[in-house]
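Order of appearance sets the numbers: ligands from 1, and atoms from 1 within every ligand. Hydrogens, waters and symmetry mates play no part in the numbers below; they use all other heavy atoms, side chains included.
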Amino acid sequence: MTTAGREWKGERERLRRREGDANMRADGFDAVVVGSGPNGLAGALTLAGAGRRVLLLEAAERFGGGLRSEELTLPGFTHDVCATALPMAAVSAAFRSLALPVDFAHAPLPVAHPLDGGSAVLVHRDPAQTAAGLGRDGRAWQAVIGATARAGDPLVDTLLAPLGLPRAPLAAARFGVLGAQPATVLARLAFRTVPGRAALAGMAAHSMLDLRSPITAGFGMTLAALAHHAGWPVVRGGSQRLADLMVDRLRELGGETVAGHRVTSLAGLPPARTVLLDVTPRQFLAMAGDRLPPRYARRLARYRYGPGVFKLDWALDGPVPWKDPAVGRAGTVHLGGTLEEIALSEAQVARGVHPARPYVLLVQPCVADPSRAPEGRHTLWAYCHVPNGSAVDMTAAIEDQIERFAPGFRDRVLARHALDCAAMQERNANYVGGDIGAGLADVRQFAGRPVYSARPWRTPLPGVYLCSAATPPGPGVHGMGGYQAARLALRAG
Ligand SMILES: Cc1cc2nc3c(=O)[nH]c(=O)nc-3n(C[C@H](O)[C@H](O)[C@H](O)COP(=O)(O)OP(=O)(O)OC[C@H]3O[C@@H](n4cnc5c(N)ncnc54)[C@H](O)[C@@H]3O)c2cc1C
């Protein structure tokens, strides 16, 4: 037995004692997966589906990583702690391959973007209906976003597996030319009106990047096109339900699952020919100690983390009183006004400044899924970007932005719950300094995530793969990092 094996034997006994009959395998595992975010779970299921005996280890007391839901405010109010609008989970190749019976709930409108003066851009499932509301920019919306959406799953697959052969080469080439631009450039070139430009900026700002940076247009185009192609659904009952479905399926396939177990060293893992790590470079460096070749370790050490977030969840005694009632039918709402304002907010964050009027990403889950709150009541979810590691309380700034477009909002608040950068990282070590993207997704780290390689999931340690959002295609609930790493491992035998 190897050293790792001996250490694991002791650990297994400790877990068995802690969990009563934890039903730990006596005969070892083929694969160990560390971390149960959507990537870890997708990887574990891909391996288990191919007949591998899988052990899943999770640091937190509940499985799911970014897919956790809790009663953060009051009893009876279910809040998604992290991810809530899941367009990529609805369409990614990883989730398609798993064919899970996910109960997605769609709001009548995927996205709305209110503007001063009381009107709002409404992004419908139908690109033509969206274009009709954009007046002079309707044609541009159809040409830039509608065409991207019409390319459908083949383009989605190409974008979510950027290192593979493109399934839709022409659409991908067209997307590449437009998407490589800074969002500010594409918005000004393609759109002529304030609403058209603002709508693209609101989508692009999900990237957590300065909108004057390359590829931010691509983030905006992808998310806007997904609103048409797949909608931006939530999971009925909370995102946790998706994680629970995945864990249940893993157990059905014979996988073993242990929560509340933080892995601090690779040497402490049971012997297995495959190890999938749903962690970011910083944790991997710590776990690997001096086992990594110095050159690779230096490259990982250069991996950069991006801005953090300040997140608020509310229990409300009714819906948000939007000036434009149509906004009340949207699942997601982008707050921040014009292209110029949103670009300023994101540029300030990139420079380490807290914006006075932040871009706010807001989700009204009860519009699609009333089960999240007692009858007639609502939950509300929002965050803004802040410099990495920020300890500044952004509650007033976020609520001021909501009041700007929904006067009287504060009167509806029954309770609120805040998470700053430190709290984010405390709950999930992958969110270093509150960076919910597991690393900056700028052009350099889009191409080299976490290092430049044709197979960036593979590490120099035999059988050890990284699979988190710090690998391609990056942040979001799509499971593609885990799926790709698991397929590489299966191919390796
Ligand atoms: C506030 C917030 C809002 C978001 N909104 C959306 C959204 O609406 N839509 C969307 O698509 N995406 C959203 N995201 C992003 C999305 O949640 C992440 O990109 C996604 O969860 C990444 O998946 P992952 O599997 O790579 O890692 P994670 O989901 O972060 O999971 C990693 C897991 O590994 C565990 N772990 C880490 N280190 C160890 C260790 N040493 N030992 C054992 N376990 C360990 C962690 O506890 C965690 O459970 C949001 C994220 C946050 C935080």
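Checked against a 3.5 angstrom limit, the closest N/O atoms of G476 and ligand 1 fall inside it. Checked against a 3.5 angstrom limit, the closest N/O atoms of A59 and ligand 1 fall inside it. Taking only nitrogen or oxygen atoms, main chain and side chain alike, L86 does not reach within less than 3.5 Å of ligand 1. For the pair M88 and ligand 1, the shortest N or O to N or O distance does not fall below 3.5 Å. Taking any N or O of M424, backbone or side chain, none lies under 3.5 Å from an N or O belonging to ligand 1. Polar contact check, V263 against ligand 1: a nitrogen or oxygen pair lies under 3.5 Å apart. Taking only nitrogen or oxygen atoms, main chain and side chain alike, N428 reaches within less than 3.5 Å of ligand 1. The distance criterion of under 3.5 Å between nitrogen or oxygen atoms is not met by G64 with respect to ligand 1. For ligand 1, one of its N or O atoms has an N or O atom of T84 under 3.5 Å away. For ligand 1, the polar-atom distance check finds no N/O of K311 at less than 3.5 Å from any of the ligand's N/O atoms.
Of all the atoms in ligand 1, the ones that sit under 4.0 Å from a non-hydrogen atom of A469 are 22 (C), 26 (O). Within ligand 1, the atoms closer than 4.0 Å to a non-hydrogen atom of S36 are 33 (C), 34 (O), numbered from 1 in the order shown. Ligand 1 places these atoms under 4.0 Å from at least one heavy atom of E58: 33 (C), 34 (O), 35 (C), 43 (C), 44 (N), 46 (C), 47 (O), 48 (C), 49 (O). The atoms of ligand 1 that sit less than 4.0 Å from any heavy atom of M287 are 41 (N). Close approach to Y383 involves these atoms of ligand 1, each under 4.0 Å from a residue heavy atom: 3 (C). Listed by number with element, the atoms of ligand 1 under 4.0 Å from a non-hydrogen atom of R262 are 41 (N), 42 (N). Atoms of ligand 1 lying under 4.0 Å from at least one heavy atom of N430, given by number and element, are 27 (O), 30 (O), 32 (C), 37 (C), 38 (N). Ligand 1 places these atoms under 4.0 Å from at least one heavy atom of Q283: 37 (C), 38 (N).
By the criterion of a heavy-atom distance under 4.0 Å, the backbone of H261, and not its side chain, is placed next to ligand 1. Here Y431 has side-chain heavy atoms under 4.0 Å from ligand 1, and that is the only part of it that gets that close. Under 4.0 Å from ligand 1, the heavy atoms of R68 that appear belong solely to its side chain. In V477, the parts holding a heavy atom less than 4.0 Å from any atom of ligand 1 are both the side chain and the backbone. If you look at W381 next to ligand 1, the close heavy atoms, those under 4.0 Å, all belong to the side chain.
Listed here is the closest heavy atom pair of G66 and P38: N-CD, 4.3 Å. Nearest heavy atom pair, residue P456 against residue V451, reads CB-O, 4.0 Å. Of all non-hydrogen atoms in L466 and A485, the two that sit nearest each other are O-CB, 3.9 Å. When all heavy atoms of F63 and A243 are compared, the closest pair comes out as O-CB, 4.1 Å.
Of the protein's non-hydrogen atoms, the one nearest atom 9 (N) of ligand 1 is A85 O, 2.8 Å. Remark: minimum distance from atom 29 (O) of ligand 1 to any protein heavy atom is reached at G66 N, 2.7 Å. At the top of the distance list for atom 36 (N) of ligand 1, counting protein heavy atoms only, stands G35 CA, 4.1 Å. Taking atom 53 (C) of ligand 1 as the reference point, the nearest protein heavy-atom neighbour is I436 CG2, 3.1 Å. Annotation: atom 14 (N) of ligand 1 to nearest protein heavy atom, A83 CB, 3.8 Å. Looking at atom 2 (C) of ligand 1, its nearest protein heavy atom turns out to be C82 CA, 3.5 Å. Annotation: atom 31 (O) of ligand 1 to nearest protein heavy atom, G37 CA, 3.2 Å. Among protein heavy atoms, the minimum distance from atom 27 (O) of ligand 1 is reached at D278 OD1, 3.5 Å.
Under a 4.0 Å heavy-atom criterion, V309 is not in contact with ligand 1. Heavy-atom separations between P38 and ligand 1 include at least one value shorter than 4.0 Å.
Ionic pairing of R52 and D30 is not present here: no N-O contact between side-chain nitrogen and carboxylate oxygen is shorter than 4.0 angstrom. In summary, D80 and R372 engage in a salt bridge, as defined by a charged side-chain N under 4.0 Å from a carboxylate O. The existence of a salt bridge linking R241 and D369 is excluded, since no basic side-chain nitrogen approaches an acidic carboxylate oxygen closer than 4.0 Å.
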Practice item. In sequence, state the C-alpha distance, the side-chain angles, and the governing distance for I402 and V333, and then conclude on side chain to side chain contact (heavy atoms under 4.5 Å, CB included). Key: CA-CA 10 Å; I402 304 176; V333 185; over 6 Å; no

Point to revise | Stepwise side-chain hydrogen bond (donor to acceptor under 3.5 Å, both in side chains) test for Y465 and T471 | key: CA-CA 10 Å; Y465 300 83; T471 65; over 6 Å; no

Point to revise | Chi angles and distances behind the side chain to side chain contact (heavy atoms under 4.5 Å, CB included) call for D210, T216 | key: CA-CA 8 Å; D210 185 329; T216 46; over 6 Å; no

Exercise for review: Quick one: do R62 and E70 satisfy salt bridge (Lys or Arg N to Asp or Glu O under 4.0 Å)? Show the steps, please.
Suggested key: CA-CA 10 Å; R62 286 190 84 177; E70 292 174 29; 6.0 Å; no

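Under the 3.5 Å distance criterion, with hydrogens and angles disregarded, no donor-acceptor pair is assigned to the side chains of R236 and S371.
For the atom pair CG of L490 and CG of L47, the computed distance is 5.0 Å after rounding to the nearest 0.5 Å. The CG atom of D313 lies 11.5 Å from the CZ atom of R416; values are rounded to the nearest 0.5 Å. We find the OG-CZ distance between S207 and F446 to be 11.5 Å, quoted to the nearest 0.5 Å. Going from atom CE of M246 over to atom CG of L56 covers 10.5 Å, rounded to the nearest 0.5 Å.
No more than 12 heavy-atom neighbours from other residues, nucleotides or ligands sit within 6.0 angstrom of CD on E426.
Relative orientation of the H113 and H334 rings is perpendicular, given thresholds of 30° and 60° on the angle between their planes. Taking the six-membered ring where the residue is Trp, Y383 and H385 present tilted rings, their angle falling between 30° and 60°.
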